[in-house]
Amino acid sequence: MSKRILVLAFAVLFIVSSVLFIGCSKQSTAPTETSSKQLTDEQVLNINLGEEPPNLDPQKATDVVSFDVLNATLEGLVRLNKEGKVEKGSGLALDWEISPDGLRYVFHLRDAKWSDGTPITARDFEYAWKRALDPATGSQYAYMLFYLKNGEAFNAGKAKAEDVGVKALDDKTLEVILERPAPQFLGLTAFATYLPAQKAAIEKFGDKYGSSPDTMVYSGPFIVKEWNHEQNIVLEKNPYYWDKDNVKLERINMDMLKDENAIVQKYEAGEYDAIGVPGQYIDKYKNDPNFHQMAEATTFYLQFNNETGVFTNVNMRKAFTYAIDRKSFVDNVLKNGSIPALALVPPGIPGEKEEFRKEGGDYFKDNDVAKAKELFEKGMKELGLTKFPEIKFVAGDSDAAKKHSQVLQEFWNKNLGVKVNILNVAFKVRLDMMDKGDFDIVYAGWGADYNDPMTFLDLWVTGGGNNSARYSNPKYDELIKKANSTNDNAVRMQAMHEAEKLLMEDMPIGPLYFRGRAYLQRPYVHDWVRFPVGVSNEWKWTYIEGKNK
């Protein structure tokens, strides 16, 4: 991305999480063997997407709502298997070789077709990756391809497209040269920005590509059949998909319903096969055999505008962060297994010898009201203020987002004596406001794109694609550069721990909680896979068995 964060924030009242925000023991539904005897005649999954996908152009998409739809309709070199692991032949690459120094990859593509019947070739990958890196595209996830040789230089206008380390040697052979060894690279090729793009379609539809069913072509298990904006999306099985015989679902009906009561009512009426459970309904359903809870590698936080207004002051940022009672928030409002966040990187992400979070520990105290008041007064003096000004707190417009933002507003009013104006807006509007810096605080979140602390820490480098907080500290930038420039894991992890510590000292964002998810899923729904990191939901293998409503 160039200047926008992946806002998980309550945009994703997504199928399994109407309490939700970008991708943990997001447990997967236990894989089961399918047989024709088990399958119902109507292989249709009915769910609530919760939000309008802002963008289904894979090189421009930035959010988890779009990512889940893109994962269903497109496929890259690799598609993670049911266990979330990379295996040869799982995607459009049948095989690959890696050089001993870990810098050169050669991918061999299978015979596969786009949904318009034309062949998918290595050139579709070369074109897509260079398109993402091209500064003219404005891809906010361009940095995910900085692993490629000269990828960052091309994005910065310091190299040419032909200098980038990706090249189609022929229709079925893709050569990739990395800037430095990256053990996680194979897994990254399953990520949205690495998905292929058909040059002819991009040139034909231009900026409208990915905005409607007839402005896209598909390489994945499903196609977008209908898209009634702000209402629903219908996916149908892709008849041209190379592995169509293993795709059982014929259709996925996705609503964009935000009203919590209406969502629950539709589930109880048998209209939805799975829903996220709003906090107010947890007690009702917690003993239901179809109720599930799971942790995720996702952090929610207050994102401050570090560039303008009162939150240019570090003490003011800390005051608003410390004044929150996280335990009360997760226990009494969320009720979905979330836990208080007193740092950025969530549990479950590996460190040097154990989890990164266990190694790093906590960086501040929850509900530290006395300290918050002290810092608030100090910040007021440093800013030369005698009266706290009106500020804009931007959050989503779902029932959950409204409720959560109001609770946070109450904490600040009670503990700091300030009035905060809440602006609840639609997902697309919120993204645009973040991009433009039109906020004082945003209720936001980030889910791990891959299983490494760097997926959270490189967000905040100066000018970073997702750094819509507009934070800048040369020392922080240097630590991230150090971590990205070494193959020594101990040195790398130490640099990232130092970076996180510095981030919590500067507090450009105020961590709130590590998200858990609570959901209901009918017992006849099988093999709906939920991944710990990256894309949240995988429906390639999902099927309906013996459906009884």
Side-chain angles (χ1 to χ4, degrees), residues 4-15 17-22 48-55 62-66 229-231 255-264 275-281 298-305 309-311 320-321 323-324 326 329-330 332-336 338 388-414 416 418-447 468-469 509-510 512-513 515:
R4 183 180 299 150
I5 189 161
L6 170 64
V7 182
L8 301 167
F10 301 90
V12 209
L13 296 173
F14 199 64
I15 12 193
S17 188
S18 66
V19 283
L20 199 118
F21 186 25
I22 51 116
N48 182 44
L49 194 59
E51 289 284 351
E52 167 86 359
N55 197 326
T62 64
D63 64 281
V64 296
V65 177
S66 300
H229 293 281
E230 302 296 344
Q231 297 181 48
D255 285 347
M256 301 175 192
L257 193 60
K258 299 177 184 179
D259 183 276
E260 292 182 341
N261 293 326
I263 293 168
V264 171
I275 62 166
V277 183
Q280 63 178 314
Y281 286 96
T298 297
T299 306
F300 273 81
Y301 46 83
L302 306 169
Q303 178 172 288
F304 301 107
N305 190 330
V310 296
F311 295 113
F320 272 68
T321 300
I324 303 299
R326 290 157 184 76
F329 191 76
V330 301
N332 301 316
V333 181
L334 298 180
K335 299 182 180 181
N336 59 358
S338 296
F388 192 75
E390 289 192 0
I391 63 171
K392 185 189 300 181
F393 178 32
V394 180
D397 63 349
S398 68
D399 283 358
K402 290 176 181 177
K403 184 182 302 179
H404 298 179
S405 56
Q406 288 166 5
V407 172
L408 294 170
Q409 179 191 51
E410 290 170 8
F411 281 132
W412 293 321
N413 185 281
K414 174 185 175 183
L416 298 178
V418 299
K419 180 181 178 181
V420 172
N421 297 319
I422 299 172
L423 184 61
N424 296 110
V425 297
F427 189 31
K428 283 185 178 180
V429 176
R430 187 162 70 262
L431 290 176
D432 186 60
M433 293 178 73
M434 293 175 73
D435 196 31
K436 293 176 178 176
D438 185 14
F439 66 92
D440 293 298
I441 312 176
V442 176
Y443 187 16
W446 187 267
S468 53
I509 60 164
L512 292 173
Y513 58 91
R515 191 181 73 176

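Everything quoted here is computed from the prediction, not taken from an experiment. Numbers here are sequence positions counted from 1.
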Item to complete: Would you please name every residue forming a salt bridge (Lys or Arg N to Asp or Glu O under 4.0 Å) with K402, sequence neighbours left out?
Response: none

Worksheet item: Sequence neighbours excluded, which residues qualify as salt bridge (Lys or Arg N to Asp or Glu O under 4.0 Å) partners of K392?
Response: D438

Heavy-atom side-chain contact between [X] and [Y] under 4.5 Å:
| X | Y | value |
| --- | --- | --- |
| L302 | L408 | yes |
| T321 | Y301 | no |
| N336 | V277 | no |
| S405 | N424 | yes |
| L423 | M433 | yes |
| D63 | K428 | no |
| P389 | V310 | yes |
| Y513 | V333 | no |

[X] versus [Y], closest heavy-atom pair with distance:
| X | Y | value |
| --- | --- | --- |
| I509 | Q303 | CG2-CA, 4.1 Å |
| R515 | S338 | CA-OG, 3.3 Å |
| P278 | V264 | CD-CG2, 4.0 Å |
| V420 | Q409 | O-NE2, 2.7 Å |
| S398 | K258 | CA-CB, 4.2 Å |
| E260 | Y281 | O-CE1, 4.5 Å |

Practice prompt. Taking the six-membered ring for Trp and the full ring for Phe, Tyr or His, determine whether the centres of F411 and F393 are under 6.0 Å apart.
Written response: no

Worksheet entry | From L416 atom CG to K414 atom NZ, the distance as rounded to the nearest 0.5 Å | 12.0 Å

Discussion item. Would you compute the distance between atom CG of D399 and atom CG of N261 and round it to the nearest 0.5 angstrom?
Written reply: 7.0 Å

Discussion item. So, using ring-ring contact (aromatic ring centres under 6.0 Å, His included) as the criterion, who are the partners of F439 when residues are at least two apart?
Written reply: none

Worksheet item: Run the side-chain contact (heavy atoms from CB on, under 4.5 Å) check on W412 and I324 step by step: do they pass?
Response: CA-CA 7 Å; W412 293 321; I324 303 299; 3.4 Å; yes

Worksheet item: F320 vs F311 aromatic rings, parallel, tilted or perpendicular, using cut-offs 30° and 60°?
Response: perpendicular

Worksheet entry | N-O pairing of K419 and E390 below 4.0 Å | no

Worksheet item: Sub-3.5 Å donor-acceptor pair from the side chain of S66 to the main-chain atoms of N55, do we have one?
Response: yes

